[in-house]
Amino acid sequence: MSDMSESRLKEYIDINPKVKLQKGEMYSSVEMEKITVGQKVADANSKAEYTGKSCSKFLPNDTLMARITPCLENGKIAKYESGTAGFGSTEFFVLRAKKKKATADYVYYLSQTHYIRQLAVNSMTGASGRQRADAKYIGNIKWNFPDIEIQRKIADILSAYDNLIENNNKRIKLLEQMTENLYKEWFVRFRFPGYEDMGFENGIPIGWKIKRIKNFGQVITGKTPSTEIPSNYGDKYLFIKTPDMHDNIYVIDSSKKLSERGNDVQKLKKLPRWSIMVSCIGTGGVVSINSKEAHTNQQINSIVVHDKNNIEWLFFVCKNLKTTIEMFGATGSTMTNLSKGKFENLKILEPNLELINKFHMYTHDIFKEIEKLTYSNENLIKQRDMLLPRLMSRKLEV
């Protein structure tokens, strides 16, 4: 980049611009957990009343950039694309393109570059574990901004990838909703095939039995290998934590991975493919399936399912246990903490085998399609992330 054409970010981008909201009115609300790393658009479906309490405020097309550790390092950055103003976590920087100087999409992709993110991380100050980036410092970062037309072209290329990712995510959500609706219809509302001819006793179909989680598979609680031995970590085995599971039926990647050594120190904790992982400490009741051999940390209890035909049914059984997990895991503090013993002894209602097999037959191909779309997204994200620095630095002309 030539010094002559470099400008400070604040000349092209407003950082934390003022937004007026009316007290008592409902607006879209975006908390940190509503931003999924690698997804361009923030989940703005939640509404909340604006009370005037301290928060970040934003308009459509603004970029929300985490300013706190470790969210900033992890890449918690997204565009807010709701139709009206919104508010959210105090831990966001709000970035807005200045009219006729920058485009909203270009600002978003610029905030995603390693160059800008690393400088933002370097500006962090504060107590360990609660460090925050400095808005003034970020505003003074220099960048070679191309003209508006070039900005549009760069953003259009990258947006094409993000649009495909978003379409895949919509398909995944739709497929998940279809299967969950079928699960609730059959196993919660008891309107399964042939229910009209089925006898009921105490509101439960005759022949259905109360069982415990441990009757359906071996329960394994995860473990974290010593972080003081760096060689425990590498790129061989997924090491799944609850944030890796959010919004993912299938987990195909993790922010951290273990080495062969890390696997060897806790071989009995390794999960085979298609185990059902359930978070039981912290945020309780998040449920995912590992698509590859994996380890988890100690906040997750996993079921290595005996009968693979049970996987789809048991996945939704576990999702339906969220309130139970939070209740039985209540410790008097705000944090859920459900032990392995309590988890594996949770009671569930087992339908007859024929019905579970029928549900498996209806949903297995849908689950496979969801897994396929998840892998497709991983490839699109890799391609986009490979292009992004080359396009933004203008090493690749448009």
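Values below: all heavy atoms of this structure, side chains included; hydrogens, waters and symmetry mates excluded. Keep in mind the model is a prediction, meaning the values are calculated, not measured.
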Handout entry: Candidate list Asp62, Asn61, Thr63, test side-chain hydrogen bond (donor to acceptor under 3.5 Å, both in side chains), partner Lys79, passing option
Key = Asn61
Handout entry: Phe87 side, atom CZ; Glu25 side, atom CD - distance, nearest 0.5 Å
Key = 11.5 Å
Practice task
Step through the shown structure and confirm whether more than 12 heavy atoms of other residues, nucleotides or ligands are within 6.0 Å of CD on Glu354.
Solution key: no
Identify all side-chain donor-acceptor contacts of residues 221-229 below 3.5 Å with residues at least two apart in sequence or on another chain.
from, atom 1, to, atom 2, distance (Å)
Thr221, OG1, Asn301, OD1, 2.6
Thr224, OG1, Gln298, OE1, 2.7
Ser226, OG, Glu228, N, 3.1

Handout entry: NZ/Lys209: more than 12 non-hydrogen atoms of other groups inside 6.0 Å
Key = no
Exercise for the section: Could you tell me whether Glu180 and Lys319 make a salt bridge, using a distance below 4.0 angstrom between a side-chain N and a carboxylate O? Expected result: yes
Problem - Min side-chain heavy-atom separation Glu176-Ile249 under 4.5 Å - result: yes
Exercise for the section: Pick out which of Gln151, Arg152, Lys40 makes a side-chain hydrogen bond (donor to acceptor under 3.5 Å, both in side chains) with Asp105. Expected result: Lys40
Exercise for the section: For the residue pair Trp143 and Phe145, categorise the inter-ring angle as parallel (less than 30°), tilted (30 to 60°) or perpendicular (more than 60°). Expected result: perpendicular
Problem - Distance, nearest 0.5 Å, that separates CG of Leu373 from CG of Asn169 - result: 9.0 Å
Handout entry: Side-chain heavy-atom pair Ile240, Leu271 within 4.5 angstrom cut-off
Key = no
Exercise for the section: Answer yes if Leu95 and Val37 sit in the same cluster of Ile, Leu, Val, Met, Phe, Trp and Tyr residues linked by side chain heavy atoms under 4.5 Å apart, and no otherwise. Expected result: no
Problem - CD/Glu201: more than 12 non-hydrogen atoms of other groups inside 6.0 Å - result: no
Handout entry: Phe187 side chain near Pro351 side chain, heavy-atom distance below 4.5 Å
Key = yes
Handout entry: Thr179 side chain to Leu175 backbone, donor-acceptor under 3.5 Å
Key = yes
Handout entry: More than 12 heavy atoms of other groups within 6.0 Å of Asp235 CG
Key = no
Output side-chain donor-acceptor pairs under 3.5 Å for residues 381-391, partner residues at least two apart or in another chain, one line each.
from, atom 1, to, atom 2, distance (Å)
Arg384, NH1, Gly38, O, 3.0
Arg384, NH1, Asp162, OD1, 2.6

Practice task
Determine whether the aromatic ring centres of Tyr12 and Tyr106 lie less than 6.0 Å apart.
Solution key: no
Fill in the blank from the handout: Taken in chain and number order and not counting sequence neighbours, the residues that satisfy ring pair (Phe, Tyr, Trp, His ring centres under 6.0 Å) with Phe239 are none
Problem - Side-chain (Arg212) to main-chain (Glu344) donor-acceptor, under 3.5 angstrom - result: no
Practice task
Would you confirm whether the ring centroid of Trp208 sits within less than 6.0 angstrom of the ring centroid of Phe190?
Solution key: yes
Practice task
Take Gln112 and Tyr108 through the side chain to side chain donor-acceptor pair (under 3.5 Å) test and state the conclusion after the steps.
Solution key: CA-CA 7 Å; Gln112 285 283 15; Tyr108 164 74; 3.0 Å; yes
Practice task
Given side chain to side chain donor-acceptor pair (under 3.5 Å), test Thr363 with Tyr183 step by step and report yes or no.
Solution key: CA-CA 10 Å; Thr363 58; Tyr183 168 82; over 6 Å; no
Fill in the blank from the handout: Between the CD atom in Glu312 and the CG atom in Leu314, the distance rounded to the nearest 0.5 Å is 10.0 Å
Completion exercise
Heavy-atom nearest pair, Ser231 first then Arg261, reads OG-CD, 3.3 Å
Practice task
Can you see which heavy atom on Trp274 is nearest to which on Ile311, and at what distance?
Solution key: O-CD1, 3.6 Å
Handout entry: Ser291 to Ile252 - nearest heavy-atom pair and separation
Key = CB-CG2, 3.6 Å
Problem - Lys57 vs Val94 side-chain heavy atoms within contact, under 4.5 Å - result: no
Exercise for the section: Mind running side chain to side chain donor-acceptor pair (under 3.5 Å) on Ser28 and Ser82 for me, showing each step along the way? Expected result: CA-CA 7 Å; Ser28 288; Ser82 188; 3.1 Å; yes
Practice task
Calculate, to the nearest 0.5 Å, the distance between atoms NE2 and OG belonging to His295 and Ser302 respectively.
Solution key: 11.0 Å
Handout entry: Joint hydrophobic cluster, Phe58 plus Phe93, side-chain heavy atoms closer than 4.5 Å
Key = no
Problem - NZ/NE/NH1/NH2 to OD/OE distance under 4.0 Å, Glu149 and Lys153 - result: no
Exercise for the section: Calculate, to the nearest 0.5 Å, the distance between atoms CD1 and CD belonging to Ile141 and Gln118 respectively. Expected result: 10.5 Å
Handout entry: Salt bridge flag under 4.0 Å for residues Lys372 and Glu369
Key = yes
Practice task
Measure the spacing between CD of Glu378 and CG of Leu380 and express it to the nearest 0.5 Å.
Solution key: 10.5 Å
Exercise for the section: Looking only at non-hydrogen atoms, find the nearest pair between Ser288 and Val251 and report the distance. Expected result: CB-CG2, 3.7 Å
Handout entry: Lys267 NZ: over 12 foreign heavy atoms closer than 6.0 Å
Key = no
Practice task
Cation-pi check, Lys256 to Tyr233: give yes when NZ or CZ is under 6.0 Å from the six-membered ring centre and within 45° of the ring axis, no otherwise.
Solution key: yes
Problem - Over all atoms of both residues, closest heavy-atom pair of Ala97 and Ala104 - result: CB-N, 3.8 Å
Practice task
Answer whether the closest heavy-atom distance between the side chains of Arg130 and Glu91 falls below 4.5 Å.
Solution key: yes
Handout entry: Asn215 side chain reached by Glu350 side chain, heavy atoms, under 4.5 Å
Key = no
Practice task
Could you point out which residue of Phe316, Tyr362, Phe192 forms a ring pair (Phe, Tyr, Trp, His ring centres under 6.0 Å) with Trp186?
Solution key: Tyr362
Exercise for the section: Quick one: closest heavy-atom pair of Gly285 and Val278, and the distance? Expected result: CA-CG1, 4.5 Å
Exercise for the section: Please answer: with hydrophobic residues joined when any side-chain heavy atoms are less than 4.5 Å apart, are Trp313 and Val304 in the same cluster? Expected result: no
Exercise for the section: Indicate yes or no for a side-chain donor-acceptor contact from Ser254 to the backbone of Leu238 under 3.5 Å, with no hydrogens or angles considered. Expected result: no
Exercise for the section: Count the heavy atoms of every other residue, nucleotide or ligand shown that sit under 6.0 Å from CD of Gln22, and state whether that count exceeds 12. Expected result: no
Exercise for the section: Find out whether Ile116 and Leu9 are in side-chain contact, i.e. whether some heavy atom of one side chain is under 4.5 Å from a heavy atom of the other. Expected result: yes
Problem - Main-chain N/O of Ile204 paired to Asn202 side chain as donor or acceptor, under 3.5 Å - result: no
Problem - same_hphob_cluster(Met32, Met65) at 4.5 Å side-chain heavy-atom cutoff - result: no
Practice task
For the residue pair Glu166 and Gln39, establish whether any side-chain heavy-atom pair is separated by less than 4.5 Å.
Solution key: no
Exercise for the section: State plainly whether one hydrophobic cluster holds both Val287 and Leu338, where clusters connect Ile, Leu, Val, Met, Phe, Trp and Tyr through side-chain heavy atoms under 4.5 angstrom apart. Expected result: yes
Practice task
Flag the pair Lys142 and Glu6 as a salt bridge only when some basic side-chain nitrogen lies within less than 4.0 angstrom of an acidic carboxylate oxygen.
Solution key: no
Problem - Derivation and outcome, side chain to side chain donor-acceptor pair (under 3.5 Å), residues Gln131 and Thr69 - result: CA-CA 6 Å; Gln131 293 190 314; Thr69 192; 5.5 Å; no
Handout entry: Short side-chain to backbone donor-acceptor contact, Asp147 and Ile150, under 3.5 Å
Key = yes
Practice task
Answer yes or no: are there more than 12 heavy-atom neighbours, outside Arg171 itself, under 6.0 Å from its atom CZ?
Solution key: no
